[in-house]
Chemist: 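One structure, pasted below without further comment.
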Amino acid sequence: MNPTAGSFTINPRLQRHFCVFAVSFPGQEAQNTIYSSILTGHLELNKFPVAVKRIADKVMTASIQLHSKINSAFLPTAIKFHYIFNLRDLSNIYQGILYSVPEVTKTAPDIIQLWMHEASRVYRDKLIDARDIEATIRWC
């Protein structure tokens, strides 16, 4: 365990105090359940208009489809090593939507515009290439 010698092995006496958990990425159905319940709960709790509540499932589906499209289109490379998209990015979209209030978000186009803003903010902040940014403009 001497970092100057280039050995990165961990002493078994130290290693026995730790454990490793491997959790697989949730599937499509699990993501639908998680984010649908979060968004529906927010809209119900804050008494949003019915038009906004009706479109919640479509917003959730669009979010997951956009995330999977960006995740498959923008793979990390040597130059773009930070192109790693995970559930934190998807959750950041919902975090922005959860700041909405019924007084401002009165119609379905309002929630769609908010979703487009949050999705573009979350994903475009990571992109460095102009072509990549242009591609996301067509998707969001």
Chemist: Is there a donor-acceptor contact under 3.5 Å from the side chain of Ser36 to the main chain of Thr33?
Modeler: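 Such a contact is absent between Ser36 side chain and Thr33 backbone.
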
Chemist: Please examine the side chains of Leu66 and Trp115, heavy atoms only from C-beta on, and report whether any two atoms are closer than 4.5 Å.
Modeler: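 SC-SC contact between Trp115 and Leu66 confirmed.
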
Chemist: Among the clusters formed by ILVMFWY side chains lying less than 4.5 Å apart, do Leu87 and Leu98 turn up in the same one?
Modeler: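 Cluster IDs for Leu87 and Leu98 match.
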
Chemist: Look up atom CG in Asn32 and atom CG in Asp57, then write down how far apart they are to the nearest 0.5 Å.
Modeler: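 Answer rounded to 0.5 Å: 8.5 Å.
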
Chemist: Gln28 and Ile64: which non-hydrogen atoms are nearest, and at how many Å?
Modeler: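 Minimum heavy-atom separation between Gln28 and Ile64: NE2-CG2, 3.1 Å.
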
Chemist: Quick one: do Tyr94 and Ser63 satisfy side-chain contact (heavy atoms from CB on, under 4.5 Å)? Show the steps, please.
Modeler: CA-CA 9 Å; Tyr94 280 90; Ser63 300; 3.6 Å; yes

Chemist: With clusters defined by side-chain heavy atoms of hydrophobic residues (ILVMFWY) lying less than 4.5 Å apart, directly or transitively, does Val122 cluster with Ile128?
Modeler: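 The answer is yes; both residues are in one hydrophobic cluster.
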
Chemist: Looking at Asp132, Ile70, Thr77, which hits side chain to side chain contact (heavy atoms under 4.5 Å, CB included) with Tyr83?
Modeler: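 Looking at Asp132, Ile70, Thr77, the match for Tyr83 under the side chain to side chain contact (heavy atoms under 4.5 Å, CB included) is Asp132.
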
Chemist: Find out whether Pro102 and Lys47 are in side-chain contact, i.e. whether some heavy atom of one side chain is under 4.5 Å from a heavy atom of the other.
Modeler: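 SC-SC contact between Pro102 and Lys47 ruled out.
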
Chemist: Could you tell me if the side chain of Ile111 sits less than 4.5 Å from the side chain of Ile97, heavy atoms only?
Modeler: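 Side-chain contact under 4.5 Å: yes.
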
Chemist: Aromatic rings His67 and Tyr123: how do their planes relate, parallel, tilted or perpendicular, breaks at 30° and 60°?
Modeler: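 His67 vs Tyr123 ring planes: tilted.
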
Chemist: Give, for atom CZ of Arg88 and atom CD of Gln95, the distance between the pair rounded to the nearest 0.5 Å.
Modeler: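 Result: 10.5 Å between the selected atoms.
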
Chemist: Looking at every heavy atom in both Ala51 and Ala108, which two are closest together, and how far apart are they?
Modeler: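 Closest approach of Ala51 to Ala108, heavy atoms only: O-CB, 4.0 Å.
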
Chemist: Which atom pair, heavy atoms only, marks the closest approach of Leu39 to Ala56?
Modeler: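 Closest approach of Leu39 to Ala56: CD2-O, 3.6 Å.
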
Chemist: What are the two closest heavy atoms between Phe18 and Leu14, and how far apart are they?
Modeler: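 That closest heavy-atom pairing would be CD1-O, 3.4 Å.
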
Chemist: From Glu134 CD over to Arg131 CZ, what is the distance, rounded to the nearest 0.5 angstrom?
Modeler: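 Going from the CD atom of Glu134 to the CZ atom of Arg131 covers 11.0 Å.
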
Chemist: Return the CG to CZ distance between Asn11 and Arg16, rounded to the nearest 0.5 Å.
Modeler: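 Here the rounded value is 9.0 Å.
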
Chemist: Decide whether Phe25 and Ile38 are clustered together by the hydrophobic rule: side chain heavy atoms of Ile, Leu, Val, Met, Phe, Trp, Tyr closer than 4.5 Å, transitively.
Modeler: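 Linked, Phe25 and Ile38 end up in one cluster.
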
Chemist: Are a donor atom and an acceptor atom from the side chains of Ser68 and Asn71 found within less than 3.5 Å of each other?
Modeler: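 Not at all, the side chains of Ser68 and Asn71 share no donor-acceptor pair under 3.5 Å.
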
Chemist: About how many Å separate OG of Ser37 and CE of Met60, when rounded to the nearest 0.5 Å?
Modeler: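 The distance works out to 9.5 Å.
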
Chemist: About how many Å separate CD1 of Ile84 and CG of Leu75, when rounded to the nearest 0.5 Å?
Modeler: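 So the CG of Leu75 and the CD1 of Ile84 are separated by 10.5 Å.
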
Chemist: Minimum heavy-atom separation for Leu90 to Gln31, with atom names?
Modeler: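 Shortest heavy-atom contact: CD2-OE1, 4.1 Å.
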
Chemist: Report yes if the side chains of Lys126 and Phe74 come closer than 4.5 Å at any heavy-atom pair, otherwise no.
Modeler: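 A side-chain contact is absent here, since even the closest heavy-atom pair is not under 4.5 Å.
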
Chemist: For a side-chain contact (heavy atoms from CB on, under 4.5 Å) check, start with the C-alpha distance between Asp110 and Val52, then their side-chain angles and the critical distance, and finish with the verdict.
Modeler: CA-CA 8 Å; Asp110 292 339; Val52 175; 6.0 Å; no

Chemist: Got a donor-acceptor contact below 3.5 angstrom from the Asp89 side chain to the Asn86 backbone?
Modeler: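 Yes, Asp89 side chain to Asn86 backbone: donor-acceptor pair under 3.5 Å.
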
Chemist: Between Arg121 and Glu118, is the closest basic N to carboxylate O distance under 4.0 Å?
Modeler: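 A salt bridge is present here (some side-chain N lies under 4.0 Å from a carboxylate O).
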
Chemist: Give me the atom names and distance for the closest heavy-atom approach of Arg124 to Ile137.
Modeler: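 Taking Arg124 first and Ile137 second, the nearest heavy atoms are NH2-CA, 3.2 Å.
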
